[in-house]
Amino acid sequence: MTEKERMRTGALYSGADAALRAEAKRARSLTRRINATTEEELQARAQLFGELFGRIGPDAYIEPPFRCDYGSNIYIGRQFYANYDCILVDVCAITIGDNVFFGPRVCVYTAAHPIDAAVRATQLEYGKPVTIGSDVWIGGNSVINPGVTIGDDVVIGAGSVVTRDIPAGVVAVGNPCRVLRTITEAERAHWHALAAQYHAAHAPCDG
């Protein structure tokens, strides 16, 4: 296998590989250009993200500054939002569903290093993919670690460090992040009622 193939499959690989360095350089160039765009250049910014990522769905918005390793290993669904200072370390696939919101300074890491110092000193490394479902909100300053899967309809509290899988339909918080509780039907009804009140108050008047 090539070093890129080894990297993507989670085997030990060398990041000093010339082909990987070239891809990383491409990503740095694109992210530099993205981070230099202004509020009047949203279309150009979206085009650059489309060139950078493996996939990005419609109505996605990422607030600069943004950083990633390669970009090509990032797959994002529709209506994604990331606040500023988002970092996606994508030596393996980062797959994000629809309607996912990131607070400021959310970091997703797929990169890992050997525990043994002698092997680590040889610059060999490896990665594990991260999958985030749909309808997920991740609070600011949270870290998602290599190999984690987060289910659909999840809220991750601010400042959490997610080191293990999180099931669907829960609120999870802490370091290490643990399930706090299930999201209840009463909560859903409460928020739907508030949303209905909002929309009723802002409905256009006839005549």
Side-chain angles (χ1 to χ4, degrees), residues 8 23-24 26-110 127 129-144 148-158 160 162 165-172 183 188 191-192 194-196 198-204:
R8 284 183 155 180
E23 290 200 27
R26 168 188 172 275
R28 285 195 298 272
S29 174
L30 285 167
T31 53
R32 173 180 52 78
R33 292 161 62 191
I34 286 166
N35 292 332
T37 58
T38 69
E39 293 73 17
E40 289 75 35
E41 299 173 295
L42 297 183
Q43 184 175 354
R45 185 186 297 170
Q47 289 173 345
L48 290 168
F49 273 119
E51 185 178 347
L52 176 64
F53 289 158
R55 182 183 72 246
I56 184 167
D59 300 319
Y61 183 85
I62 299 173
E63 188 74 53
F66 169 82
R67 293 285 187 274
C68 67
D69 271 11
Y70 298 99
S72 58
N73 298 321
I74 298 170
Y75 306 91
I76 295 175
R78 61 180 176 82
Q79 201 169 323
F80 172 73
Y81 174 79
N83 214 323
Y84 42 76
D85 291 334
C86 178
I87 297 175
L88 304 180
V89 179
D90 61 314
V91 304
C92 285
I94 296 174
T95 305
I96 300 172
D98 300 330
N99 306 310
V100 174
F101 302 154
F102 283 5
R105 296 176 181 164
V106 168
C107 300
V108 179
Y109 302 146
T110 64
V130 168
T131 300
I132 298 171
S134 295
D135 303 306
V136 174
W137 170 26
I138 299 180
N141 286 299
S142 292
V143 174
I144 315 301
V148 163
T149 293
I150 297 174
D152 296 338
D153 193 21
V154 167
V155 175
I156 302 292
S160 294
V162 186
D165 293 354
I166 302 295
V170 300
V171 176
I183 299 173
R188 298 184 198 283
W191 288 105
H192 278 278
L194 289 180
Y198 172 86
H199 290 300
H202 290 80

By side chain to side chain contact (heavy atoms under 4.5 Å, CB included) - contacts of [X] (at least two apart):
X    : answer
A46  : none
S142 : I138, I156, S160
N83  : E63, Y81, P104
R33  : S29, L30, L48

[X] and [Y]: which non-hydrogen atoms are nearest, and at how many Å?
X    : Y    : value
N35  : P65  : OD1-CA, 3.2 Å
G127 : C92  : C-SG, 3.4 Å
C68  : T31  : SG-CG2, 4.1 Å
G133 : V100 : O-CG2, 3.1 Å

Distance check, rounded to the nearest 0.5 Å: [X] atom [atom1] versus [Y] atom [atom2]?
X    : Y    : atom1 : atom2 : value
I166 : I150 : CD1   : CD1   : 6.5 Å
I74  : I94  : CD1   : CD1   : 5.0 Å
I34  : I62  : CD1   : CD1   : 7.5 Å
I144 : T131 : CD1   : OG1   : 12.0 Å
Y61  : I56  : OH    : CD1   : 12.0 Å

With a 4.5 Å heavy-atom cut-off, do [X] and [Y] have their side chains touching?
X    : Y    : result
Y109 : V143 : yes
Y84  : P64  : no
N141 : V106 : no
R8   : S72  : yes
I132 : V130 : yes
N73  : V91  : no

Problem set entry | With sequence neighbours excluded, residues passing ring pair (Phe, Tyr, Trp, His ring centres under 6.0 Å) with H202 |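 Here the qualifying residues are Y198.
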
For this session: With sequence neighbours left out, write down each residue that passes ring pair (Phe, Tyr, Trp, His ring centres under 6.0 Å) with F53, or none if nothing qualifies.
Result: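 Expected list: F49, F66.
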
List the residues meeting side chain to side chain donor-acceptor pair (under 3.5 Å) with [X], not counting sequence neighbours, and say none if there are none.
X    : result
Q79  : none
Q47  : none
Q43  : none
R188 : D153, E185

Exercise. Judged by atom type as modelled, is there a donor-acceptor pair below 3.5 Å linking the side chain of T110 to the main-chain atoms of V89?
Worked result: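 Checked: pair present.
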
Exercise. Centroid-to-centroid, F80 to F102, below 6.0 Å?
Worked result: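 Ring centres of F102 and F80 closer than 6.0 Å.
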
Exercise. Tell me, which pairs form a salt bridge (charged side-chain N to carboxylate O under 4.0 Å, His left out) where one or both residues lie in residues 44-59, sequence neighbours left out?
Worked result: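 Qualifying pairs, neighbours excluded: none.
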
For this session: Scan residues 74-91 for pairs that pass salt bridge (charged side-chain N to carboxylate O under 4.0 Å, His left out), counting only residues two or more places apart or in two chains.
Result: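 Those involving residues 74-91 are R78-D98, D85-R105.
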
For this session: Decide yes or no on side chain to side chain contact (heavy atoms under 4.5 Å, CB included) for V171 and I183, but give the supporting numbers first.
Result: CA-CA 7 Å; V171 176; I183 299 173; 3.9 Å; yes

